[in-house]
Chemist: 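Handing you a structure now.
Note that the structure is a prediction, hence the values are computed from the model and not measured.
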2 protein chains.
Amino acid sequence: MKLTILTTKYPLQSFGKFTRIHNNMLRTSTSASASPFSTPPTTNNINSISSITRRFKSSFVPAEPLTIHDLNEQTVKAQYAVRGKIPIIADGLSELIRKSPSSHGLPFTKIVNANIGNPQQLDQKPLTWYRQVLSILQYPELLNEDSGAKFPSDVKKRAQEILNNVGSIGAYSSSQGAAYFRQSIAEFITKRDGGEFASNANDIFLTSGASAAVSYLLQILSRDENSGFLIPIPQYPLYTATIALNNAKPVGYYLDESKGWATNPEEIRQLIKESADNGISIKALVVINPGNPTGAILSRDDIAELISISAEHGIVLIADEVYQENVFSGKFYSFKRILSELKEKNHALYKNVQLASLHSTSKGVSGECGQRGGYMELVGFKSDVKDIIFKLASINLCSVVSGQAMVELMVNPPKKGDESYDLYVKETSNIFENLKTRAKALYQAFSNMEDVSVDKPQGAMYLFPSLRFDPKVYHKLFSRAKNSDLEIDDLYCIELLENTGICCVPGNGFGQKPGTYHLRTTFLPPGEEWIQRWAKFHKDFVKKYKDTSV
Amino acid sequence: MKLTILTTKYPLQSFGKFTRIHNNMLRTSTSASASPFSTPPTTNNINSISSITRRFKSSFVPAEPLTIHDLNEQTVKAQYAVRGKIPIIADGLSELIRKSPSSHGLPFTKIVNANIGNPQQLDQKPLTWYRQVLSILQYPELLNEDSGAKFPSDVKKRAQEILNNVGSIGAYSSSQGAAYFRQSIAEFITKRDGGEFASNANDIFLTSGASAAVSYLLQILSRDENSGFLIPIPQYPLYTATIALNNAKPVGYYLDESKGWATNPEEIRQLIKESADNGISIKALVVINPGNPTGAILSRDDIAELISISAEHGIVLIADEVYQENVFSGKFYSFKRILSELKEKNHALYKNVQLASLHSTSKGVSGECGQRGGYMELVGFKSDVKDIIFKLASINLCSVVSGQAMVELMVNPPKKGDESYDLYVKETSNIFENLKTRAKALYQAFSNMEDVSVDKPQGAMYLFPSLRFDPKVYHKLFSRAKNSDLEIDDLYCIELLENTGICCVPGNGFGQKPGTYHLRTTFLPPGEEWIQRWAKFHKDFVKKYKDTSV
């Protein structure tokens with residue numbers, strides 16, 4: 001432990017045992033009188049306070065409080081659109097409605113939060129299996145017959161197993177996560193990827209959602225301001241925000257909208273070269289699959305190419321796979337699986353690939369965002385590098401243990417024959433089908449809107465339609481947006497919000513090609529009434545800017 | 001959003017609607033054939049893999065994996081002793097015992113984890129009130145009569161209230177924490193501080209334990225490498241670790257062991273001056289009260305002086321008050337209360353003081369470490385500075401909502417007349433008395449040890465005895481420790497661990513005056529047998545180094 005101790009170094013002193021001398025000795029110059037704070041203040045002995053304030057009154061000029069100009073610039077610059085300006089306006093409107101339910105003067109009565117994938121805020125019911133086991137973990141007395149509580153036998157059995165192996169969820173676990181849960185996760189990964197390629201519990205880190213994993217990885221990899229991170233454009237803004245906090249460089253690679261938001265490995269190779277020419281050393285390649293905000297799913301081909309790029313250039317692959325269960329068309333292949341296959345065929349070529357793949361309980365059919373469960377699997381990292389990540393996790397002590405248990409329940413659900421099995425299958429299928437239906441309905445609505453282009457939903461929880469107005473409309477929008485220091489997509493989202501209560505996120509929060517304008521909306525809000533409201537708003541919006549001289 | 005996009009800027013293109021062309025077009029040079037990944041691989045179509053690996057085989061030389069020299073130096077340098085080298089050895093021994101229960105060859109059968117304040121790992125039972133309400137929040141069906149579960153009426157009422165006001169704990173809350181919980185916390189603070197000084201729910205941030213609060217604060221305040229943070233020596237190593245991660249400067253002020261680890265405000269003033277002379281701008285003054293690892297409690301006098309220092313120099317006061325309920329002798333005064341009193345008497349002088357005070361559900365009589373509940377109150381910060389903290393919290397989405405609920409239950413416990421009240425009082429008093437008894441027993445044991453000095457426990461969960469060997473013993477220990485690249489206190493802790501299974505933390509992990517050697521141990525492990533084992537070890541240790549020529 002090396003501290004910058006600016007005082008004189010003290011020699012080893014001989015200390016009186018158990019002495020507890022009062023601390024006034026060193027302050028005789030300012031306070032020779034008895035301590036004015038020896039008794040607690042009440043309204044009666046308020047004089048005891050005035051004595052100390054008098055003492056200091058003339059002795060210093062109070063300093064001004066900090067302004068944002070005094071702060072770490074990176075923390076000021078970082079942007080996070082998912083909870084940025086549009087959602088903040090929405091919160092304000094929501095508060096207005098709450099305070100004046102009958103006189104707020106708004107043309108709607110409720111904010112529709114389509115800005116964030118937060119299913120349970122939008123009335124998605126939690127899975128019974130998860131919540132039953134977790135209720136027992138919180139209050140193990142529910143296992144006793146006296147409690148009166150009735151639970152399926154497999155629920156009680158699993159809760160008991162977790163309690164036996166992990167202990168109270170009120171205790172800190174290992175900073176990496178409880179070994180018992182890590183073992184379950186390793187078995188899940190092995191099975192998910194076809195059973196041929198074993199995952200190792202030592203490679204698993206339980207994290208607070210997937211965000212904490214991103215934070216650890218980007219932090220250790222940000223060596224200096226010339227450390228670069230390849231991120232997709234559009235991207236989930238957690239990446240740009242975390243890169244900004246680490247004062248590193250985001251290097252965006254475009255997903256190709258004209259090809260269903262496909263990834264172009266050639267462009268990535270080119271960017272690595274151009275970056276090097278510009279003195280930027282690429283540390284990691286971030287891939288979001290299924291895509292957020294695009295919903296696109298990577299092909300096996302593309303995954304293999306991206307892994308090869310990583311192998312050739314020694315850059316870490318960060319595979320954000322939190323939407324791996326949200327797949328409506330096509331098939332999800334994990335990076336871990338394709339890497340294992342490549343290694344099997346040519347170990348020398350791929351043995352050094354460093355892959356971090358992330359998963360979470362917040363998405364999928366779980367939708368347990370508030371429980372902050374998540375994990376990452378680290379493959380191919382040297383053990384002393386993993387130790388650094390372990391240390392970062394240690395400084396945060398551990399991720400919430402109930403969230404760790406939630407991951408266990410996600411990766412190790414009831415099996416055929418278990419008492420909970422039928423209900424579990426019914427609930428998960430319902431949620432899955434429901435999401436698919438909503439995705440389709442929203443897709444249909446956008447497809448029918450004038451001047452909007454949208455891709456068929458493949459995966460994740462979002463649509464990312466683009467606004468394709470004609471040049472005359474663009475021109476008007478551009479002038480109007482510029483006057484308010486906004487982008488065109490900001491303007492659209494604000495008008496949408498103010499007219500319908502629907503809150504979505506402008507494309508500029510995710511990154512988009514210059515001159516293109518998109519929106520990210522979840523398809524989670526229930527019902528179709530809000531979709532119809534959006535369609536009507538859009539029609540009016542286009543009409544307004546086409547026909548009038550606004 | 002400003003991205004470093006290194007590719008050519010794309011002009012606005014006209015996109016074909018809903019086209020989904022395959023991504024091979026751009027790669028015709030390397031792969032003109034049909035995609036080798038069009039079908040999932042099985043052991044039968046393994047050839048499909050070899051085709052892609054052949055394609056790349058000669059085209060690149062695989063790079064080496066990262067070493068720690070490639071990483072962010074700050075993340076490599078940061079140290080966190082509470083989960084550092086001694087606990088890591090302990091984990092190894094624990095694993096050995098688990099794997100070879102009958103043949104591990106160790107002189108003990110279990111590790112005694114006295115290194116970390118983790119009460120429920122050491123069999124402290126959670127409070128029934130907390131866990132009953134949380135079980136319902138996890139599985140609200142328990143409120144239905146059909147569930148068969150029996151709960152006290154106030155438990156059901158509170159759970160219902162939380163569900164009505166906050167919704168599912170599976171949904172993300174506001175990044176600052178649910179407004180309903182923040183209101184409860186504000187009322188708790190107001191009442192705790194005597195009822196005269198109102199706390200505002202807008203000033204409260206729910207955090208994942210207190211660690212996340214420290215992380216946010218130190219991050220925004222670390223402007224550059226000349227940003228200094230005044231921290232007590234000894235300190236809780238979260239502070240040095242977080243300062244290191246932010247590449248800022250820790251400036252240690254010594255607590256005075258000869259005066260019961262008292263704080264010396266004059267030394268702090270002097271350090272601020274010396275730092276300025278050395279080009280270091282002090283950004284915050286960290287105070288831990290009750291002290292960790294020292295257990296000392298600050299007087300009203302000292303608190304008022306520290307606040308005045310903060311007022312005069314415009315530096316943020318970070319009051320780590322997580323042990324505010326763990327007070328065995330003396331009285332705890334919150335910084336917020338003394339600041340409010342000072343402001344009342346001289347508003348102009350104290351109005352700009354920026355105070356962040358931290359609390360947690362991990363300590364006190366709650367001991368719910370694994371649930372990651374905590375909050376900070378921010379007083380006197382400009383709103384745009386608070387906005388930056390809000391943004392950092394947003395990037396992490398929100399702290400775990402069950403942990404937030406745990407804070408609510410801690411600050412708003414059952415009231416007299418409530419059905420749960422008697423049991424709550426009984427359980428909390430039992431835990432409190434139990435901790436006090438254990439503290440006393442351990443204190444007694446250290447008092448009786450040869451060459452050890454220890455202070456009577458005032459607060460927190462730790463004793464911080466110092467080793468006071470005679471020069472001959474020190475000399476031998478020094479040579480031996482040096483040979484193994486260890487400090488003397490490391491050596492003591494390792495021998496203690498290897499001989500007794502007791503895991504404590506060497507003083508050098510917290511900082512200590514040069515030439516002094518301490519240990520931090522919790523008094524949480526149950527029973528007294530381990531204490532006797534420690535006493536015997538100590539006797540043997542002293543004898544060994546005194547008598548023999550080891």
Chemist: Specify which of B/Val61, B/Val401, B/Ile395 makes the most heavy-atom pairs with chain A at under 4.5 Å.
Modeler: B/Ile395
Chemist: Heavy atoms only: give me the nearest A/Ser394-B/Tyr80 pair and the separation to one decimal.
Modeler: O-CE2, 3.3 Å
Chemist: Nearest heavy-atom pair of B/Tyr172 and A/Ile116: which atoms, and what distance?
Modeler: CD1-CD1, 3.9 Å
Chemist: Rounded to the nearest 0.5 Å, what's the gap from CG on B/Leu134 to OG on A/Ser402? Could you check?
Modeler: 8.5 Å
Chemist: Considering only heavy atoms, which portion of A/Ser208 lies under 4.5 Å from any heavy atom of chain B: side chain, backbone, both, or neither?
Modeler: neither
Chemist: What option among A/Ser222, A/Ala241, A/Gly314 has the most heavy-atom pairs under 4.5 Å with chain B?
Modeler: A/Ser222
Chemist: Are B/Ile220 and A/Leu66 packed together at the side-chain level, in the sense that at least one heavy-atom pair is separated by less than 4.5 angstrom?
Modeler: no
Chemist: Is any side-chain heavy atom of A/Ser135 less than 4.5 Å from a side-chain heavy atom of B/Leu142?
Modeler: yes
Chemist: If you tally heavy-atom pairs under 4.5 Å against chain B, which of A/Gln121, A/Lys150, A/Gln138, A/Lys391 wins?
Modeler: A/Gln138
Chemist: Give the member of B/Leu221, B/Val76, B/Asn396, B/Leu238 that has the highest number of heavy-atom pairs under 4.5 Å with chain A.
Modeler: B/Val76
Chemist: Output the option from B/Asp70, B/Ile315, B/Val316, B/Thr128 having the highest count of non-hydrogen pairs under 4.5 Å with chain A.
Modeler: B/Asp70
Chemist: Who among A/Ala78, A/Ser399, A/Pro126 has the most heavy-atom pairs with chain B under 4.5 Å?
Modeler: A/Ala78
Chemist: Mind ranking A/Ala63, A/Gly170, A/Ser147 by heavy-atom pairs under 4.5 Å with chain B and telling me who comes out on top?
Modeler: A/Gly170
Chemist: Residues in side-chain contact (heavy atoms from CB on, under 4.5 Å) with B/Gln219, at least two apart?
Modeler: A/Asn72, A/Thr75, A/Leu245, B/Asn246, B/Leu392
Chemist: Pick from A/Ser211, A/Pro65, A/Gly209, A/Ala149: which one has the most heavy-atom pairs with chain B under 4.5 Å?
Modeler: A/Pro65
Chemist: For the atom pair CG (A/Asn352) and CD (B/Glu64), what is the distance rounded to the nearest 0.5 Å?
Modeler: 5.0 Å
Chemist: side-chain contact (heavy atoms from CB on, under 4.5 Å), that's the test. Do A/Ile136 and B/Tyr139 meet it? Break it down for me.
Modeler: CA-CA 9 Å; A/Ile136 298 174; B/Tyr139 188 49; over 6 Å; no
Chemist: Between A/Glu141 and chain B, with a heavy-atom cut-off of 4.5 Å, which part of the residue counts as in contact: side chain, backbone, both or neither?
Modeler: side chain
Chemist: With rounding to the nearest 0.5 Å, note down the distance linking CD1 in B/Ile169 to CZ in A/Arg131.
Modeler: 5.0 Å
Chemist: What distance do A/Arg372 atom CZ and B/Cys398 atom SG have between them, rounded to the nearest 0.5 Å?
Modeler: 5.5 Å
Chemist: So do B/Cys369 and A/Leu397 actually touch side chain to side chain, heavy atoms under 4.5 Å?
Modeler: no
Chemist: What part of B/Ala348 gets closer than 4.5 Å to chain A, counting heavy atoms only: side chain, backbone, both or neither?
Modeler: backbone
Chemist: Using a cut-off of under 4.5 Å for heavy-atom pairs, which of A/Gln371, A/Glu73, A/Lys382 has the most such pairs with chain B?
Modeler: A/Gln371
